[in-house]
Q: 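Dumping the structure here so I can ask a few things about it.
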Protein chains: 2
Amino acid sequence: MDRCAPNRSPGCPVEGALDVIGGKWKGVVMYHLLDGTKRFNELHRMMPGVTQRMLTRQLRELEADGLVHREVYAEVPPRVEYSLTAKGDTLRQIILALKAWGETHVPYYAYDKKQNPERLKA
Amino acid sequence: MDRCAPNRSPGCPVEGALDVIGGKWKGVVMYHLLDGTKRFNELHRMMPGVTQRMLTRQLRELEADGLVHREVYAEVPPRVEYSLTAKGDTLRQIILALKAWGETHVPYYAYDKKQNPERLKA
DNA sequence: ACCCATAGTGTCATTTTGTATACTAATGGA
DNA sequence: TCCATTAGTATACAAAATGACACTATGGGT
């Protein structure tokens, strides 16, 4: 295996990838968006643990990294739709792999899988 | 796609998996350990950006999560060897996928790959 | 007139993460 | 005798990530 480059903070490609999806909620946001376009509050309802502010930030960062597309409709009440970009979609297999791994290796989910043995593909 | 569970902080399997390898240095540590057993300072030299303290912390967390095995030899000077556990090795494909993704999608590395087009497998 | 909803923003507090620096103990080498 | 090495720990501190909570504008319903 090759050495991991001169290595400062974004020293490794591994680290670079993790910087992009490693935010506390980014993985989950991406996961939900795999399923298709979602509005802001739709995402929010799917992730009750996150505050509006954090969700906004994470979405903005994902947008800045080119993984998520933000479409604003000039309506009242406001409507904003989020979807994966082509680049974002390149993470699909990784997100699904993380989900599968979490389901089999994070104790908290192990039981859940037995009761709900759906295929691990979207 | 299924709803993401009652969803508190470790609400998603995706999030659970990310908690485990999402630490700032954990991905890189795991990546280096894919290659085989390493001593503390060996890892440290491979990641000049990390302080001893952080490296220690990340290794302890990985150990606590059962991904890394820590073997202490009662010698002088001290010797401690780190290696992947069987559970840790289940992340191999994911780490390699993250590396491949980083190399093609994180701008910083894109050029690097052209100059060094090694196979993306270990 | 009052309340609801949307997609946020502003302010502040707390938690997590990271850094710097000095310290340890036993041994081998100069 | 002094210094380097190993794999850390202790203490103190700074910075970044995250969280709680109140607030906004607009229009529709009652």
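Below, chain A is the first sequence line, B the second, and so on; all start at residue 1. It should be emphasised that the depicted structure is a prediction, and the values quoted were computed from it without experimental measurement.
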Q: Nearest whole Å is fine: how far is D/dG8 P from B/Tyr73 OH?
A: 13 Å
Q: Rounded to whole Å, please give me the gap between CG in B/Asn41 and P in D/dG8.
A: 9 Å
Q: Whole angstrom is fine here: how far is it from CD in A/Glu71 over to P in C/dG8?
A: 12 Å
Q: Restricting to side chain to side chain donor-acceptor pair (under 3.5 Å), what partner residues turn up for A/Thr90, sequence neighbours left out?
A: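 For A/Thr90 the side chain to side chain donor-acceptor pair (under 3.5 Å) partners, ignoring immediate neighbours, are B/Trp101.
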Q: For C/dG8 and A/Arg70 - does any side-chain N or O of the residue sit under 4.0 Å from the phosphate oxygens OP1/OP2?
A: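 Affirmative; the distance criterion is met.
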Q: Tell me which one of A/Gln52, A/Arg53, A/Met47, A/Met46 satisfies side-chain contact (heavy atoms from CB on, under 4.5 Å) with A/Val50.
A: A/Met47
Q: Expressed as a whole number of angstroms, how long is the span from B/Glu42:CD to D/dG8:P?
A: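 The distance from CD of B/Glu42 to P of D/dG8 comes to 13 Å, rounded to the nearest Å.
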Q: Among the candidates C/dT6, D/dA7, C/dT9, find the nucleotide nearest to the side-chain atoms of A/Thr56.
A: C/dT9
Q: Is there a side-chain contact between B/Arg60 and the phosphate of D/dA7, meaning an N or O under 4.0 Å from OP1 or OP2?
A: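 False: B/Arg60 side-chain N/O out of range (4.0 Å or more) of D/dA7 OP1/OP2.
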Q: Taking five pairs at each end of the helix from C/dA7-D/dT24 to C/dT24-D/dA7, what angle separates the two helix axes (nearest 10°)?
A: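 Its terminal axes enclose an angle near 40°.
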Q: When all nucleic acid strands are considered with a 4.0 Å heavy-atom cut-off, which category describes A/Tyr82: base, sugar-phosphate, or nothing?
A: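 The answer is sugar-phosphate, as A/Tyr82 gets under 4.0 Å only of primed atoms, P, OP1 or OP2.
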Q: Determine all donor-acceptor pairs shorter than 3.5 Å in which one atom belongs to a side chain in residues 69-76 of chain B; sequence neighbours excluded.
A:
from: B/His69; atom 1: NE2; to: B/Glu71; atom 2: OE1; distance (Å): 2.7
from: B/Arg70; atom 1: NE; to: B/Tyr82; atom 2: OH; distance (Å): 3.2
from: B/Tyr73; atom 1: OH; to: B/Glu81; atom 2: OE1; distance (Å): 3.3
from: B/Glu75; atom 1: OE1; to: B/Arg79; atom 2: NE; distance (Å): 3.3
from: B/Glu75; atom 1: OE2; to: B/Arg79; atom 2: NH2; distance (Å): 2.8

Q: Between the protein and nucleotides 18-29 of chain C, which nitrogen or oxygen pairs are less than 3.5 angstrom apart?
A:
from: C/dT19; atom 1: O4; to: B/Arg53; atom 2: NH1; distance (Å): 3.1

Q: With sequence neighbours excluded, tell me which residues meet side chain to side chain donor-acceptor pair (under 3.5 Å) with A/Asn41.
A: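 Applying side chain to side chain donor-acceptor pair (under 3.5 Å) to A/Asn41 gives none.
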Q: Let me confirm one number: the SG-CG distance from B/Cys12 to A/Leu98, rounded to the nearest 0.5 Å.
A: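 Nearest 0.5 Å value for the SG-CG distance: 11.0 Å.
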Q: Side chains of B/Glu15 and A/Lys24, heavy atoms from C-beta outward: is any pair under 4.5 Å?
A: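 B/Glu15 vs A/Lys24: side chains touch.
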Q: For B/Leu55 and C/dT17, what is the distance between atoms CG and P respectively, to the nearest whole Å?
A: 16 Å
Q: Can you give the donor-acceptor pairs under 3.5 Å from side chains of residues 57-67 of chain A to other protein atoms, not counting sequence neighbours?
A:
from: A/Gln58; atom 1: OE1; to: A/Trp25; atom 2: N; distance (Å): 3.1
from: A/Gln58; atom 1: OE1; to: A/Lys26; atom 2: N; distance (Å): 3.2
from: A/Glu61; atom 1: OE1; to: A/Lys26; atom 2: NZ; distance (Å): 2.7

Q: Please tell me if the side chains of A/Val29 and A/Leu55 come closer than 4.5 Å, counting only heavy atoms from C-beta onward.
A: yes
Q: Return the value, rounded to whole Å, for the distance between atom CD of B/Glu15 and atom C1' of D/dA17.
A: 13 Å
Q: Please list all pairs meeting salt bridge (Lys or Arg N to Asp or Glu O under 4.0 Å) that have one or both residues in residues 39-50 of chain A, counting only residues at least two apart or in different chains.
A: none
Q: Atom CD of B/Glu63 and atom P of D/dA7: how far apart are they, to the nearest Å?
A: 15 Å
Q: Can you tell me how far C1' of C/dT6 sits from CZ of A/Arg45, to the nearest Å?
A: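 One finds 10 Å between C1' of C/dT6 and CZ of A/Arg45, rounded.
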